[in-house]
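Please read the structure below before turning to the comments.
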Amino acid sequence: MRTIRYREAIREALLEEMDRDSRVFLMGEEVGHYQGAYKVSEGLLARFGESRVIDTPIAESGFAGIGVGAAMTGLRPVIEFMTWNFSFVALDQIVSNAAKVYQMSGGKISVPIVFRGPNGAAKQVGSQHSHSVEPFYASVPGLWVCAPATPRDAKGLLKTAIRDANPVVFLEGETLYNVSGEVPDEGDEELIPFGEARTAREGTDCTVVVWGRPYYETMKAVEAISTALEIECEVIDPRTVRPLDTASIVQSVKKTNRCVVVHEHWPMGGPGAEIVDTVQREAFDFLDAPVERVASLDIPMPYASHLEDTVLPTESRIRSAIEKVCYA
Amino acid sequence: MRTIRYREAIREALLEEMDRDSRVFLMGEEVGHYQGAYKVSEGLLARFGESRVIDTPIAESGFAGIGVGAAMTGLRPVIEFMTWNFSFVALDQIVSNAAKVYQMSGGKISVPIVFRGPNGAAKQVGSQHSHSVEPFYASVPGLWVCAPATPRDAKGLLKTAIRDANPVVFLEGETLYNVSGEVPDEGDEELIPFGEARTAREGTDCTVVVWGRPYYETMKAVEAISTALEIECEVIDPRTVRPLDTASIVQSVKKTNRCVVVHEHWPMGGPGAEIVDTVQREAFDFLDAPVERVASLDIPMPYASHLEDTVLPTESRIRSAIEKVCYA
Amino acid sequence: MSISDELLKLYRQMFVIRRFEEEAARAYAQGKIGGFLHLYIGQESVAVGACAAIEKDDYVMTTYRDHGLALARGMPPGVAMAELHGKDAGCSRGLGGSMHFFDPERNMLGGWAIVGGHLAVGAGVAFRSKYLDEASVTLCFFGEGATNIGGFHEGLSLAGLWKLPIVFICENNEYAMGTPMSRTSPLDDLSVKAAGYGMLGDSIDGHDVQVVRDRIRSAVGHARRGDGPTFLEVKTYRFRGHSMSDPGKYRSRAELEEQKRRDPLKVTRLQLADAGIDESALVALEESAEQEIADSVSFAESAEPAREEVMRASVYAPSEQR
Amino acid sequence: MSISDELLKLYRQMFVIRRFEEEAARAYAQGKIGGFLHLYIGQESVAVGACAAIEKDDYVMTTYRDHGLALARGMPPGVAMAELHGKDAGCSRGLGGSMHFFDPERNMLGGWAIVGGHLAVGAGVAFRSKYLDEASVTLCFFGEGATNIGGFHEGLSLAGLWKLPIVFICENNEYAMGTPMSRTSPLDDLSVKAAGYGMLGDSIDGHDVQVVRDRIRSAVGHARRGDGPTFLEVKTYRFRGHSMSDPGKYRSRAELEEQKRRDPLKVTRLQLADAGIDESALVALEESAEQEIADSVSFAESAEPAREEVMRASVYAPSEQR
Ligand SMILES: Cc1ncc(C[n+]2csc(CCOP(=O)(O)OP(=O)(O)O)c2C)c(N)n1
Ligand SMILES: Cc1ncc(C[n+]2csc(CCOP(=O)(O)OP(=O)(O)O)c2C)c(N)n1
Ligand SMILES: [Mg+2]
Ligand SMILES: [Mg+2]
C-alpha cells in the first residue's frame, strides 16, 4: 500500500486504463493543455497526445453526445464534466440516449462510456455550482452511479467503470481531490466491483450509511460519539448508489437495530430515501427506532461561508441523528 | 358541479387565468395554430391572439429561458412542453435558473412561471418518450411540483400555479386528458392550495398514497379488494408532491397502521421513497407492516404493448401490495 | 451496372419504401401497430439517393421517421415490419418500435426520438472513424424543425471544429408537425447556417433521387478526404400527416396536390420510361416489390411477440471479463 | 454634457471598476472573499461603453464576470463589495456572491454562472418589452467561449425569429479559461454566425470605450425601432487569470505585455489628455475614485454577515393574494 491523494487515484486509473486499452480516451473542457480544471488529468496529454486527451469547446451536450456515438461504435470514452452542475445541459444525452440505446436497440448496441467529474458543493461557489446530482441520475435504469469517498475506492471503481459495458455516472468531489488515503502498490491491480459496499468501521449499536464527501464528517462524528457515549457505529459506504448493495446495509441493520443515512443531496427522494425504504421493508422487525436521515438542508446553496456550513450535513447534525436513533 | 374532461379542465384554467390577468401567456410547440398537440389549448389562439398564445420552434431550452426572463420582469408565462420528456433538454433552465433566481438575487427577483405538459408513459411510445419526471424535479428546492389525477384537481391546481410567485412544474398525463370528472360550475372559482392532500376514499385498514395516472388503477384495486376481502383502504392523493402533505398521510397511517405507496416513476428514490421515509419516521410505532411500494419496473419502457403493461404499475401489483401489508 | 440498371434499383427501393409505409399505415389503422408512426411517404428519394452514395462501411442515422432509411440501407422489410408489430424478430426485438430502428450489421444506427438529440451522436460516430483512422463517413439525417435546437448547434460546432467525416442531411419537408418553416425561421435557405460552423453548406432539390445521390456523393468524398463535414439542406415534402394522429389541417389540399406532381417515385418512373425501360418491366418490378411487402406483413403477423426475458436482459449489457 | 465631460465620466467609471477589482483580488488573497472570483480587469471599456449607450429603462445581464457591468450600471461599490464579503448589505444579500450580482432597481439582472444559460433569459426580458409594447432594450453579455453551446443557439434563434429588442454582446477576450479561441472555433470572426439567425452581426475593437458606446448605441437603436437583435463581437482581453485560481500559464508574458499597451484605461486617458484635460484634473478624479473604493471596502468589512433567516426565506417567494 501507498498513500496518495484522491486526485492522483483518479489520474492513475485513467492512465492505467488508457495504457491498457487504446480505445479509451478522455474528453472534456480543459482536460488537456490546462491539465484539468482541478489538475486531475495532469500529464495525460503529454503521455497520450491530443488524439486521446481532447480539449473541447464549452458544449457539454455536444461532447457527451460525441461520447455516446463513439461508445456505440466500439470506443470507450471517458467524458469529463468540469463539474456535474454542467451535466444538466447534457442530461438528455445521458438519460435519453446513453441510458436507452442498449434497450431500444433490443440489446444490440451497448454504450460503454464513463461520465465523470466533481459532484456536490465545493466552497462558496453558490447555488448554480453546488448540486449533488445523485437524485437525478440514480433514478435511471440503464445507468450505473458511483460515488467513491476514498482514493482507493475512486481508483478501483473508475477502472471497473471504464471496463464496464454500460454508461457510468462517476461522481467525484472537488473537496475530495485533496484527501489522502491508501491504494494498492503499483502493479497490484485492483478492480472494485459495483454494488459491493465497504464496511468502513465495525460497530454494534447503530448502522450509518454514507457515501461521497460526508463520509469524512461521518467518520469524525462516529469517533466522537464512541469516545463520548460509548456508542459504536458501523459505517457502511455503498460506494455505488446504483447498483446499491442493500444486502450489506440490511445485514448490518439487523445486527445494530438502528440506522442513520447521511448524504449531501437534498432531502427529497434520491438514494438517501431509497435506502430508508429498503431498510424499513427488509429489516422491519429489527428496527428499534425509525431510520433517520442527515442531508443538506432543502435550500439552494448560499454563497456566504457560514450559511453554506449550515446547509451542508455537519458533524453535529450527524451526531444528533445517531444519538436520536440510539435514544442517547 | 359539471362533468368535463381533464383536457378541458386544463384549458378552462388557462382560459380563466388569461382572462383574469393579461400578464399570463401560453408558449410552446403547436399550442396555437395546431390547438395543442393533445388539443389542450383548443380555441385559445382565436380568443387571445398570437401575442399571448405563442407557437415556438423546437427549442425547449430557449423558450423555457424566455419564460424565465419574462417572469423575472413581471410577466406570468405558462410554458408548455409537448411532453415532459422534452424538458430534459431544458432541465438546466428549470433547475439552475428558474429554481435559483429568487435565492441568488437575495430574494429580490421572483420567477412566477408554470412549466406544464403530459408526464409519464402514453401508449407504446417507447423509452425516450415515457419518462415520469417526478424524481428529477421534486428533489429541487425552489420548485413546486403538481401532479393532479382528476379534472377538478387539474383545474384548481393550475389556477393556483399560475398565480403563485414561484416556478411550478405541472405534470399532466396524455392518458389522463380523456378522463372525465366533476368540476365546480362556471362562476364558482376554485383554487386548490398546494400541499393539501385529498382523501379520495376513506378506509380503516390500509392507507394507499397515489398521485397522477396510477390513481385510476389504484381505485380499481381498492374497490376490488373491498369486495373480495373486505379490506377497506383509505386512498390519499397528495396532488402536489412538492410541497408534500405529509401530515395527512401520517395521520391516515396512524389510523390504518399500514401503508402502500403507488407511483409511476421508477422505483429508485423520488417522492415515492420520500413518502416511505416520512411514514416510517413519523408513524413508526403505528406500523403493523413495512410500507410497500408499487412503481414502474426498473426498466426503460419497451415498445411492445404487453411488455409496457408489465412495466407499468398494474391493478394486480397494487392489489398484491395491499394484501401483503394486510397479511391477507 | 448500367445507368438505367442503377436507376431501376433505386426506383425499386423507393417503391418498396412507399408500399411498406402504406401497409404500415393500414396495419396501424387496424390496431396491429401502436404508438407513434411517422411515415416517410414523399421523401423516399432522400434516403434512397443517400444510401446509393455511400459504402458498406459508412454509417447512417436519423430521427423517428426512420423506416425509409432502414429499408434503403438494406434492412429486410419483414424485420422492419416485425418491429412495428412489437415482435421479437423485429430489428430492435420489439423493444424499440417504429421510432427506434437499429441495425448495427448494416451500420444503421437508429431511430432517435428526441429532436436534435442524435446529431452529436452522429458526430461521435464520425469521431470514431477519425480516431481509428478509418475511411468511413457518417450520414446524419434530421428535419428542418431540428435546426433551432441546441443539439443541432453543438453537433455541428464540434464536427466543424474537428473536421469530422460526417454529412448533416437536413430533410426540409416544409413542416415540423403542423408548423411551416416560415414560422420557425427567418431564413429561406437553411444552408446559410453552415458558414457559422466553418463548414460547407448547400441546398438542393430532393425530389430527384439522382440529384440527391450525386450531391451527397460529393459531400461524402469531401468528408472522406478529411476536408470536413457538409451541411446539406434537401428540399422535400411529406405527403402524409406528421404521424398517424395528425389530420394535417394546416395545409390545403391544393398545396398537397401540387406537391404530389413532384412525387419522387413519379419523377424517377418518368426518367426510366424516358431511358427506354418499358412499362411491362416497371410493372414486373413493382409486382415483385408488392410481393416482398406482402411477405413482410405475413412474416410480421406470424412472428413471436417480444419477450419479457429479452426486455429484462436489455437494461444493462453484460460486461466483458475484467 | 461636453464630449470631454462625458469621456471623463466614462474614464472615471472604468477607473472605479479597475480599482474595485484590484481591491477584491486583495481581499480574496487575504481570505476575506471566498468562492470563485472572476475579474473584469482589461475589459472595462466594454461594460462602461455599453452602459453609456442605453437608458435607465433598458436592461443588462451578463455572466459570472459581472462586477464591471454592475458598477457601470450604477451599483454602489460598497453594495458590490459587501456581496463579495458575504454580507447582508450585499446586492444579493450575501446569498449570491461574486457570480450572482443582481440589482433590479437598476435593471441589472445578474450575474449567471452556467455558460450560455442566460442568453435565452435575456431574450425573455426582451420578449417582455415587446409583449408590453415598451421601448426598453436588453443588453446580454457573454464570452466567446459561450458561442458553441446550445443555449447560445436557442437564445439567438428565438430572438432572431421574433425580432426581439436585444443586443447580444460577445466579449471576445481570446480565452475561455485556458483555451484560446483557435482551439474552439474554426472561425476568426464570430460575427459570421449572425447570418444564420437572420440578424445583424458585427465585430469591433473593444479597447476604445467610445467606439464601443457608439456601436452599441446604433445596435440599440436598431432594436428599439423593432428591427431586431444584433450579434456584436467585441474584441477585448483580460489581464488577469480566468479566476483567482488560474495562474494563466497558457499565455506568454510577452503576449500579456503587448496587450497591456492597449489597456482601455490607458487608451482613454490619452484621449483625455489629447482633448486638453490636464493631468491634475485626472489625478484628482483618480483620487476621488480611490476614496470611493476604499470606502466600499470599509463598508463591506464592517457590514453585518448574511443572515440565516434571509436564506431560509429566499427559497420560495411569498405569493400574492389569490
Ligand atoms: C426535443 C423535442 N421536442 C419536441 C419533440 C416532439 N416532436 C417530435 S417530431 C416534431 C417535429 C419535428 O419536425 P422536423 O424536425 O421538421 O422533422 P419531420 O417530422 O418533419 O421529419 C416534434 C415537435 C421531440 N420529439 N423532441
Ligand atoms: C455549461 C458550463 N460549462 C462549463 C462551465 C465552467 N466555465 C466557467 S467559465 C468558463 C469559460 C468561459 O469562457 P468565456 O465564455 O470565453 O468567458 P470569459 O470567462 O472569458 O469571460 C467555463 C468553461 C460553466 N460555468 N458552464
Ligand atoms: Mg419537417
Ligand atoms: Mg473568453
Side-chain angles (χ1 to χ4, degrees), chain A residues 28-39 41-42 45 50 54-66 81-93 121-131 174 266 297-311, chain D residues 31 33-37 64 83-88 90 92-100 110-118 143-153 176-181 183-185 242-243 245-247 249-250 305-308 310-316:
Chain A
E29 291 154 15
E30 311 290 351
V31 297
H33 292 273
Y34 201 81
Q35 317 292 324
Y38 301 103
K39 301 287 173 264
S41 50
E42 193 138 35
L45 174 66
E50 285 195 333
I54 303 153
D55 282 326
T56 65
I58 306 168
E60 282 80 2
S61 153
F63 63 77
I66 289 219
F81 293 121
M82 191 178 283
T83 79
W84 273 95
N85 301 287
F86 313 139
S87 77
F88 287 161
V89 292
L91 184 131
D92 187 64
Q93 285 296 340
K123 188 73 198 133
Q124 284 196 269
V125 295
S127 64
Q128 291 191 320
H129 274 59
S130 299
H131 292 96
E174 192 185 325
W266 283 313
L297 300 184
D298 197 29
I299 289 178
M301 190 61 76
Y303 163 72
S305 181
H306 63 291
L307 297 181
E308 179 169 54
D309 290 342
T310 307
V311 168
Chain D
I33 296 177
F36 289 136
L37 186 70
Y64 42 86
E83 187 61 30
L84 300 183
H85 283 69
K87 299 301 179 73
D88 186 53
S92 304
R93 306 200 71 176
L95 303 182
S98 164
M99 303 199 287
H100 304 304
W112 302 79
I114 304 298
V115 168
H118 65 293
E144 87 294 344
T147 56
N148 294 294
I149 203 161
F152 166 85
H153 183 64
M177 291 194 64
T179 309
M181 203 179 84
R183 287 201 283 112
T184 61
S185 175
H242 168 73
S243 69
S245 62
D246 167 28
K249 289 191 198 153
Y250 40 83
R307 293 165 51 201
E308 186 172 332
V310 174
M311 168 182 88
R312 291 187 184 267
S314 302
V315 184
Y316 293 99

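Lettering follows sequence order; numbering is per chain, from 1.
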message: Out of the candidates D/T184, D/T179, D/I149, only one should pair with A/I58 under the side chain to side chain contact (heavy atoms under 4.5 Å, CB included) rule; please name it.
response: D/I149
field: Structural part of D/M177 lying under 4.5 Å from a heavy atom of chain A
entry: both
- prompt: So with a 6.0 Å cut-off around NZ of D/K249, is the heavy-atom count from everything else above 12?
  reply: no
- prompt: In terms of heavy-atom pairs under 4.5 Å with chain D, which of A/V125, A/D298, A/N85, A/V311 leads?
  reply: A/V125
- prompt: Pick from A/P302, A/S127, A/G62: which one has the most heavy-atom pairs with chain D under 4.5 Å?
  reply: A/P302
query: Is chain A contacted by the side chain of D/L37, its backbone, both, or neither, given a heavy-atom distance below 4.5 Å?
result: neither
- line: Bottom line for D/R307: the part with an atom under 4.5 Å from chain A's heavy atoms is backbone
query: Who passes salt bridge (charged side-chain N to carboxylate O under 4.0 Å, His left out) against D/E308, sequence neighbours left out?
result: D/R312
statement: Max heavy-atom pairs within cutoff under 4.5 Å with chain A, candidates D/G34, D/S314, D/G145, goes to D/G34
message: I need the residue from D/G90, D/S245, D/G94, D/G151 with the largest number of non-hydrogen atom pairs under 4.5 Å to chain A.
response: D/G94
Heavy-atom pairs under 4.5 Å with chain A, option from D/V115, D/I114, D/T147 with the top count: D/I114
- request: Please work out which of the three classes, parallel, tilted or perpendicular, describes the rings of D/Y250 and A/Y34, given edges at 30° and 60°.
  value: tilted
task: Quick one: pull up OH in A/Y303 and CD in D/E83 and give me the separation to the nearest 0.5 Å.
output: 7.5 Å
query: Counting heavy-atom pairs under 4.5 Å to chain D, which of A/H33, A/E30, A/K123, A/E308 comes out on top?
result: A/E30
query: Roughly how far apart are A/Q128 CD and D/H118 NE2, rounded to 0.5 Å?
result: 10.5 Å
task: Check whether A/T310 gets within reach of chain D through its side chain, its backbone, both or neither, counting any heavy atom under 4.5 Å.
output: side chain
- prompt: Where does A/F63 contact chain D at under 4.5 Å (heavy atoms): side chain, backbone, both or neither?
  reply: neither
- request: May I ask you to name which of D/H242, D/H100, D/K87, D/H85 has the most heavy-atom pairs under 4.5 Å with chain A?
  value: D/H100
message: Heavy-atom pairs under 4.5 Å with chain D: which of A/M301, A/E29, A/Q124 has the most?
response: A/Q124
- line: Applying salt bridge (charged side-chain N to carboxylate O under 4.0 Å, His left out) to A/K39 and not counting sequence neighbours gives none
- request: Name the option with the most non-hydrogen atom pairs under 4.5 Å to chain A; the candidates are D/G116, D/G86, D/G178.
  value: D/G178
message: Which heavy atom of D/P305 sits nearest to which heavy atom of A/H306, and what is that distance?
response: CB-CE1, 3.8 Å
